[in-house]
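A note on names: the letters A, B, ... follow the listed sequences, proteins ahead of strands, and every chain is numbered from 1.
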Amino acid sequence: GDSVTQMEGPVTLSEEAFLTINCTYTATGYPSLFWYVQYPGEGLQLLLKATKADDKGSNKGFEATYRKETTSFHLEKGSVQVSDSAVYFCALSPYTGGFKTIFGAGTRLFVKA
Amino acid sequence: NAGVTQTPKFQVLKTGQSMTLQCAQDMNHNSMYWYRQDPGMGLRLIYYSASEGTTDKGEVPNGYNVSRLNKREFSLRLESAAPSQTSVYFCASSEGGGRGTDTQYFGPGTRLTVL
């Protein structure tokens, strides 16, 4: 079945460091791919998404490119801030649509000043 | 514009007690969802409602029931709580239509402890 695997955390970085959080998926066809972020004490909110191969999603300095050949959707940011400390979830929605989004386990990011 | 609201924020139950978690959205979305979040396991879908008047099981429906009261409200009921249901519960909504590209909008969550 469809699945999402993302790197285990926590990831600890200093402010202004480069961030990569790896995400790979298993799915048939061309699923839609998402990154959601959960700040402490809050619900998840969409960070960015990509709906077809080679699309790049971007928001708030974060980017991720839909790579069909490597079944990956890695999240990157060039210079992290303390306010980026949160849990990041990679997710996919199947090619056939429907209502069952599949979430990865989440990666906790700590950014130190 | 409140988005998705959930009540209560925190709840402690004893084994065997029942309770209902409430969820409402004001975005005129067709679809609504209930998830549970457990450490190291991401979010798992309990039940969803594709549109008003319909509900379907997700990945982990055992021990839960749901009601789509109207387009705005979607409640989750635990009839006889068990310690294994200790978790954080999130309600979410989306425009619906079964499109895989839909963004989901989440509520702030309910932290439930079953003793």
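- The local environment of CZ in B:Arg44 is crowded, with over 12 non-hydrogen atoms from other residues, nucleotides or ligands closer than 6.0 Å.
- Heavy-atom distances place no part of A:Gln6 under 4.5 Å from chain B, backbone and side chain included.
- Across every non-hydrogen atom of A:Thr101 and B:Tyr35, the tightest pair is CB-OH, 4.1 Å.
- Both the backbone and the side chain of B:Gln104 come within contact range of chain A, judged by heavy atoms closer than 4.5 Å.
- With hydrophobic clusters built from ILVMFWY side chains whose heavy atoms lie under 4.5 angstrom apart, B:Val66 shares a cluster with B:Ile46.
- Ranked by non-hydrogen atom pairs under 4.5 Å with chain B, the options A:Arg108, A:Gln45, A:Glu8, A:Gln38 are led by A:Gln38.
- At a 4.5 Å heavy-atom cutoff, the contact between B:Ser31 and chain A is made by side-chain atoms alone.
- Put simply, of A:Ile102, A:Leu44, A:Leu92, A:Leu33, the one with the most heavy-atom pairs under 4.5 Å next to chain B is A:Leu44.
- More than 12 heavy atoms of other shown residues, nucleotides or ligands fall within 6.0 angstrom of atom CD in A:Glu69.
- The nearest pair of heavy atoms linking B:Thr103 to A:Lys49 is OG1-NZ, 3.3 Å.
- Using a 4.5 Å cut-off between heavy atoms, B:Asp102 touches chain A through its backbone atoms (N, CA, C, O) alone.
- For A:Tyr39, the OH atom sits in a packed shell: over 12 heavy atoms of surrounding residues, nucleotides or ligands are nearer than 6.0 Å.
- Cluster annotation: B:Trp34 and B:Leu69 are assigned to distinct hydrophobic clusters (Ile/Leu/Val/Met/Phe/Trp/Tyr, side-chain heavy-atom contacts under 4.5 Å, transitive).
- For chain A, the nearby parts of B:Leu43 are the backbone and the side chain; heavy atoms of each come within less than 4.5 Å.
- Other residues, nucleotides and ligands contribute only 12 or fewer heavy atoms inside 6.0 Å of the OH atom of B:Tyr105.
- More than 12 heavy atoms of other shown residues, nucleotides or ligands fall within 6.0 angstrom of atom NZ in A:Lys68.
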